[in-house]
Amino acid sequence: MAIVDAHKLDLNLLLVFEALYLERNVTRAGQRVGLSQPSMSNALVRLRAQCGDALFVRTPSGMEPTPYATALSGNVLRALDLMRATFEQSAAFDPATARRTFTLLMSDFSQFLVLPPLMARLKQVAPRVRLDVSAMDRDQYRAALESGEADLAVGHLQELQSGFYQTGLFVDQHVCVMGRDFRMAGDAITMDEYLAANHLVVTNNKTDLQIDRDLARQGHRRRVALSVPRYLVLPPLLAQTDFIVTVTEAIAQAIDDAIGVRWCPLPFPTPLTRIRQFWHARYHHDPGNSWLRQQIAELQIGATLRKIGSPCPRSEPVS
DNA sequence: TCCTCGATGGCAGAGTAATC
DNA sequence: GATTACTCTGCCATCGAGGA
């Protein structure tokens with residue numbers, strides 16, 4: 001048995017192998033791949049020479065595979081199926097039948113807002129499509145999108161503002177959410193009350209860092225009592241403390257819905273949070289990626305959020 | 001003996017590398 | 001870029017083995 005040289009292997013011969021394995025007849029196998037019987041026979045000769053094995057031998061019941069051909073058959077047939085699926089996938093994307101897995105990069109804030117309506121939509125229109133949401137650090141997003149490790153990134157990702165295609169999804173503004181034990185004089189928090197409060201900070205939210213810088217420029221400094229990496233822990237903490245936390249309105253509304261809290265505008269202006277989806281140029285014309293982007297763009301996310309643009313926002317390459 | 005079906009020889013066309 | 005020689009592949013016609 002010869003060792004098959006992959007560089008010299010004619011991949012068309014794998015189709016010949018597959019047809020012979022399935023038909024057990026040279027003439028019918030030829031019809032299956034569009035060759036005449038002599039051409040099929042000739043192809044079998046070449047295949048035998050490359051494999052160093054007869055592969056199929058004539059018997060009263062047809063062309064039976066040798067033990068070596070039987071051993072090869074599983075991997076060869078799987079490889080051909082994989083190739084067909086690969087090229088069918090790149091040629092078109094049918095959400096109703098697609099089995100593709102998309103990898104998304106999202107903060108837990110974006111997951112909180114986007115995943116519930118997105119999964120409800122996928123369940124209806126693309127039941128076999130799977131999403132993997134990566135937990136990698138934000139400073140790794142750029143490399144993951146460039147390498148193809150991830151399909152899309154969603155969020156307020158200023159580090160991806162250049163070099164990627166993007167569409168805006170919605171904008172949100174920051175508000176102040178008060179813990180149940182927090183006391184203030186009026187309905188809206190004053191600057192003095194804000195600075196005197198015990199602050200709860202989500203370190204994953206880079207806007208918090210911006211707020212600290214803005215306050216410092218005005219000669220102020222807030223008192224951070226606790227910093228946490230994720231939003232998940234906010235509701236139980238706010239339910240039992242007098243902490244206040246600065247988050248977007250959508251998060252405030254969600255916390256209010258969960259445990260019932262007060263929230264109000266900040267006593268100073270902050271920039272709007274613009275949630276966008278980002279993708280690399282390599283996926284710009286990919287039918288599957290394009291379809292997923294459209295699904296996300298069409299989502300109705302949160303009652304308090306302002307949608308950006310039309311249901312199908314125009315993508316913008318940014319250099 | 002006949003029929004079926006894989007194998008083989010000869011030929012043509014297409015593709016590729018080498019040469020000018 | 002054009003020409004030439006070589007290689008590869010497929011087709012037609014035919015052969016030959018094996019089964020009924």
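In what follows, every heavy atom counts, from backbone to side chain, and hydrogens, waters and symmetry copies are set aside. Sequence lines set the chain letters: A, B, ... in the order given, protein chains first and strands last, and positions in each chain run from 1.
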| remark: Across all chains, not counting sequence neighbours, the side-chain hydrogen bond (donor to acceptor under 3.5 Å, both in side chains) partners of A:D94 are A:T97

| request: Find the distance A:N25:CG to B:dA7:C1' and express it as a whole number of Å. | output: 14 Å

| Which part of the nucleic acid does A:S41 contact within heavy-atom distance under 4.0 Å: base, sugar-phosphate only, or nothing? | base

| Out of A:I189, A:V177, A:L238, which one pairs with A:I244 under the side chain to side chain contact (heavy atoms under 4.5 Å, CB included) rule? | A:I189

| Donor-acceptor contact present, side-chain A:D151 to main-chain A:F102, <3.5 Å | no

| query | Does A:T241 have any side-chain hydrogen bond (donor to acceptor under 3.5 Å, both in side chains) partners at least two apart in sequence or in another chain, and if so, which? | reply | none

| request: Using distance alone, with no hydrogens and no angle criterion, decide if A:T246 and A:Y194 have a side-chain donor and acceptor under 3.5 Å apart. | output: yes

Each nucleotide N or O in nucleotides 10-12 of chain B that has a protein N or O under 3.5 Å away: list the pair and distance.
none

| message | We want to know whether A:D214 and A:Q218 form a side-chain donor-acceptor pair, criterion being a heavy-atom distance below 3.5 angstrom. | response | no

| message | According to side-chain hydrogen bond (donor to acceptor under 3.5 Å, both in side chains), does anything in residues 115-127 of chain A pair up with another residue at least two apart or in another chain? List the pairs. | response | A:R121-A:Q295, A:R121-A:E298

| In whole angstrom, what separates A:L44's CG from C:dT9's C1'? | 15 Å

| message | Under the rule for side-chain hydrogen bond (donor to acceptor under 3.5 Å, both in side chains), what residues qualify as partners of A:N289, not counting sequence neighbours? | response | A:R293

| Taking protein heavy atoms under 4.0 Å as touching, what does nucleotides 11-20 of chain C look like 5' to 3' if B marks base contact, S marks sugar-phosphate-only contact and - marks none? | BBB--BB-S-

| request: May I have the distance from A:M63 (atom CE) to B:dA7 (atom P), rounded to whole angstrom? | output: 4 Å

